Structure formats: structure tokens, C-alpha cells
Protein chains: 2
Amino acid sequence: MARAGLTVERLTRAAADLADEIGFQNVTVSALTRSFGVKPAALYAHIKDARDLRVKVALLAMAELADRAAAALAGRAGKDALVAFANAYRDYARQHPGRYAAMQTELDPETAAASAGSRHAEMTRAILRGYELSEPDQTDAVRMLHSTFHGYVSLETTGGFRHHPREAAASWSRTLDALDALLRNWPPA
Amino acid sequence: MARAGLTVERLTRAAADLADEIGFQNVTVSALTRSFGVKPAALYAHIKDARDLRVKVALLAMAELADRAAAALAGRAGKDALVAFANAYRDYARQHPGRYAAMQTELDPETAAASAGSRHAEMTRAILRGYELSEPDQTDAVRMLHSTFHGYVSLETTGGFRHHPREAAASWSRTLDALDALLRNWPPA
DNA sequence: AGCAAATACTTAAAGCTTGTAAGTAAGCGA
DNA sequence: TCGCTTACTTACAAGCTTTAAGTATTTGCT
């Protein structure tokens, strides 16, 4: 029998694709190895265990999203940058729901520190350069922006806005307007 | 052998407590029935399947949170109401991480419609009465508030703010200041 | 080319999970 | 006390994770 050519990269990518198709929760070792035409046990030569696989998908997604966000941010400033960054975030989550769900996996501190999460935080800080906020307001604003983006996308993808006729995209656009206005007028402590 | 006295209510509550202790993901039929000293099969006389159990925990959590939010909101208006509501939300999530995680379970539309989620949306709308917003800005603001609350709490509980020394509670408080300022100055379309 | 070593995968098996079906025992009403 | 309903157990099938040991394939050395 010819070998399947499993590698950590191929497995991680396939798991991510599978997550986007069938949902992150439904990605099992069995299902993944099945898609390669090998037996479940074959996975353990490449990946420690199921949790390790999930973490690797999470890190992949974070890196991909950071790449997209960086590309969106290039050459922009102010509201332009804010909107481009936010849309990159939302678009990624909508196009890759499984990968996005994977990003919610809890990472141990060292793994988190080595992840693309920090690139993300840096980029958010870069956006704020257009808004003249000094510490600790800057950190608070970074957290608020990230919260709003994540919260919106999370609620939208889990159907939280479906019961009202107003388009989710319209509210999103206005939310970005509001954030821009807020950052230009951040309240004093 | 004496009977264990299983009921849907007791099972749901026990599952919610177990979720707060060991994490919602780790709540299994086996673990739950073990805590009652009965065999797994005994559960299926009361609850359809594992998903049904998870949904029931989600609905319980939503109802509990709505009760707390309603109590917090009573007799308050304006920023006072906003802060009280937001803190009820965050406090509940921090005190009941398993229940809060359960709330992210995807519900089918009819179940969602019958859930306490609508009470939540109504309360958020009630807060906005103090800020004179008309449609569709009101809907957009409701969505933004919910997004920010959920996003913040979600990131905080999954450790997203742990890599920076700034207290999560401090950023939260300033985020509420910012939201209040924003609602008083919602940008025109 | 041919052989040994390393690598990639399979088989086998244990222990966990969800879920169904059928059997038994407990408690209630007459 | 008899019998019915209800609550639970036993037994079992099927799927998932993971380890250990075995086999086949490829690599690399001579």
C-alpha cells in the first residue's frame, strides 16, 4: 500500500478545512484520518493527541487572520485602517467559521504568547496611532475594539441577529462608524 | 435499591453546576449520571439526548442571567442602568463560566425565539431609552452593546487579556464609560 | 544494486463515550 | 395484597481516543 504522506502541516490544514465544512466540534481524529485514507492510529506519529490537533488549528487560523489583517492594514490610517482591519476580521470569520471557532480554544500562556495573537494586538495598537490615545486608554481601547469585533462576529455567526430584519452587515458598518467616532472622542478618566 | 429521583430540572441544574466546575465541554452524560449514582441509560427517560441536555443548560443560563439583569436594571436609568446591566452580565459569566459557555450553544430558531434571549434584547432596548436613539440606530446600538459585552467577557474568561498587566476590571469600567459617551453622541448616518 | 535502518502505517486492544432495547424492581392506587 | 406504572439496570452496539506492537515501505549506506 502506498503511503499517504501525512505531515503535521497537511494534517493541520486538512483539519482546518474539515472544521470549516462540518464545524470545529465535529472534527475528530477518526474523521480526519478517514479523509486521508489511513487509520486513526496513524495520526499519533505526527501529533500528540486530539487537543494538540485542535491547538494547531487554532494557531493556523490566528496566523492566517493576522496575515489578512496585516494586508488589509497596509498603507491605511485612521478610520480607513479601522474599517479595513475590522472587515478583514469579520470576512475571515464568515468565510472560515470552523477556523474561527478553533481560535476560541483556550491556549496555555506560553503557547498563547508564541501565537499570532500578539501580532493582532500590535496591529490594533497601530490603528490607534491615528487616534492619539495614551496609556492606559490605549490598552483599554485595544481591548474594547477586539471585544466588539469578536463579540459581533461571534453573535452573528451563531445566529444571534437573525430574529430581527435589520441586515447584520448594516449594523456592522454603523458599529464601525460608532467606534471611529468614539475613538476620536474618547472620554477622559 | 432506592430511586435517585431524577427529574429534568434536577438534571439540568446538576449539569449546569457540573459545567461551572469542570467546564461545559467536559459535561458528559456519563459524568452527570455518575453524580446521581445512576447508570447513563437512566438519563434517557428524562432527556432526549446529549444535545437536548446541553440546550436545556443553555436555556437555564439565559433565564438566570436575564433574571439577574432585570434585577440590576430595576429603578435605574441612563448610564447607571448601562453599568448595572453590564456588570450583571460580566459577573454572571465570571461566576458561572460553564453556564456562560453553554449559552453559546447554537439553538434552532424556534427554541431561540422561546428563550430568554429576547428578554435580554428587550432589556438592552430599555437601557437605550435613556439615550434617545431612533431606528435603525437603536437596533444597531443594541447589537453593538451585546457584542461588546459578550466579546469582552468571552476574551477575558478565555485569558485573552492576561498578557498585559492592565487590570481587566479597569479596562471594563473604562469600556462602559466609553459606551456611555458613545450612546450620548451616536454618529449620524 | 542490495541490504540495513529508519520511517509510515496497520492491527489489536482497552477504556471511554452515546444511545437503544429489554428486563427488573420500586412504589402507588385500588 | 395485587397489579400497574414508573424508574432504573443490564446488556449491547457502535464510535471515539490512545497505546503498543507488528508489518511494510522507503531511505541511505556500502
Side-chain angles (χ1 to χ4, degrees), chain A residues 1-60 98-99 101-102 104-108 111, chain B residues 1-60 98-99 101-102 104-108 111:
Chain A
M1 182 89 106
R3 297 191 179 181
L6 303 186
T7 64
V8 174
E9 288 71 30
R10 288 188 68 200
L11 284 165
T12 305
R13 214 171 299 274
D17 291 346
L18 196 58
D20 286 337
E21 283 167 35
I22 65 173
F24 185 59
Q25 299 298 335
N26 303 319
V27 175
T28 63
V29 172
S30 296
L32 179 61
T33 53
R34 226 176 282 137
S35 76
F36 279 92
V38 300
K39 305 292 170 184
L43 182 119
Y44 294 88
H46 304 276
I47 273 167
K48 195 173 141 252
D49 54 19
R51 161 148 185 88
D52 185 32
L53 176 67
R54 278 179 234 123
V55 168
K56 281 183 163 54
V57 174
L59 295 175
L60 172 70
R99 282 167 158 89
Q104 263 56 65
T105 303
E106 278 206 58
L107 305 178
D108 51 297
T111 310
Chain B
M1 181 91 106
R3 298 192 179 182
L6 302 187
T7 65
V8 175
E9 288 70 29
R10 288 189 67 199
L11 283 165
T12 305
R13 215 171 297 273
D17 290 347
L18 196 58
D20 286 336
E21 282 167 34
I22 66 172
F24 184 60
Q25 299 298 335
N26 302 319
V27 175
T28 63
V29 172
S30 297
L32 179 61
T33 52
R34 225 176 282 137
S35 76
F36 278 93
V38 300
K39 306 291 169 185
L43 182 119
Y44 295 91
H46 304 275
I47 273 168
K48 196 173 139 250
D49 55 17
R51 161 148 185 87
D52 185 32
L53 176 66
R54 277 179 234 121
V55 167
K56 281 182 163 56
V57 174
L59 295 175
L60 171 70
R99 281 166 158 89
Q104 263 56 64
T105 303
E106 277 205 59
L107 305 179
D108 52 296
T111 309

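If you're wondering where the values come from, they're calculated on a predicted model, not measured in any experiment. Letters A, B, ... mirror the listed sequences (proteins, then strands); counts begin at 1.
You'll find the side chain of A:V29 stays beyond 4.5 Å of the side chain of A:I47, heavy atoms only. Between B:K48 and B:L53 there is no side-chain heavy-atom pair separated by less than 4.5 Å.
The side chain of A:H46 places an N or O atom within less than 4.0 Å of a non-bridging phosphate oxygen (OP1 or OP2) of C:dC9.
A:A31 comes within contact range of no nucleotide atom at all, as no heavy-atom separation falls under 4.0 Å.
Set against D:dA11, D:dC16, C:dT10, the side chain of B:A41 has D:dA11 as its closest nucleotide. Closest approach to the B:K39 side chain among D:dT9, C:dT11, C:dT17 is made by D:dT9 (side chain taken as heavy atoms from C-beta onward). Considering only the side chain of A:Y44, D:dT19 comes nearest among C:dT11, D:dT19, C:dT18. The B:S30 side chain lies nearest to C:dT17 when the options are C:dC9, C:dT17, D:dT18. Checking C:dT17, C:dT10, D:dC8 against every side-chain atom of A:A42, the shortest atom distance belongs to C:dT10. When distances are taken from the side chain of B:L6 to each of C:dT18, C:dC9, D:dC8, the shortest belongs to D:dC8.
Interface remark: the A:R3 side chain does form a donor-acceptor pair with the C:dT7 base, using a distance-only criterion of under 3.5 Å.
Counting to the nearest Å, the C1' atom of D:dT18 and the CG atom of A:L32 are 15 Å from each other. For the pair B:N26 CG and C:dT18 P, the computed distance is 11 Å after rounding to whole Å. In this structure, B:I22 atom CD1 and C:dC16 atom P are separated by 15 Å, rounded to whole Å. Across the protein-nucleic acid pair, A:I47 atom CD1 and D:dT17 atom C1' stand 14 Å apart, rounded to whole Å.
Of the two residues contacting DNA chain D, namely A:R34 and A:K48, the nearest-nucleotide position lying further toward the 5' end is that of A:R34.
Side chain of B:R54 to backbone of B:T105: no donor-acceptor contact under 3.5 angstrom is found.
A salt bridge between A:D52 and A:K56 is present, with a side-chain N of the basic residue lying under 4.0 Å from a carboxylate O of the acidic one.
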Would A:F36 and A:R10 count as a side-chain contact (heavy atoms from CB on, under 4.5 Å) here? Give the steps. CA-CA 10 Å; A:F36 279 92; A:R10 288 188 68 200; 3.7 Å; yes
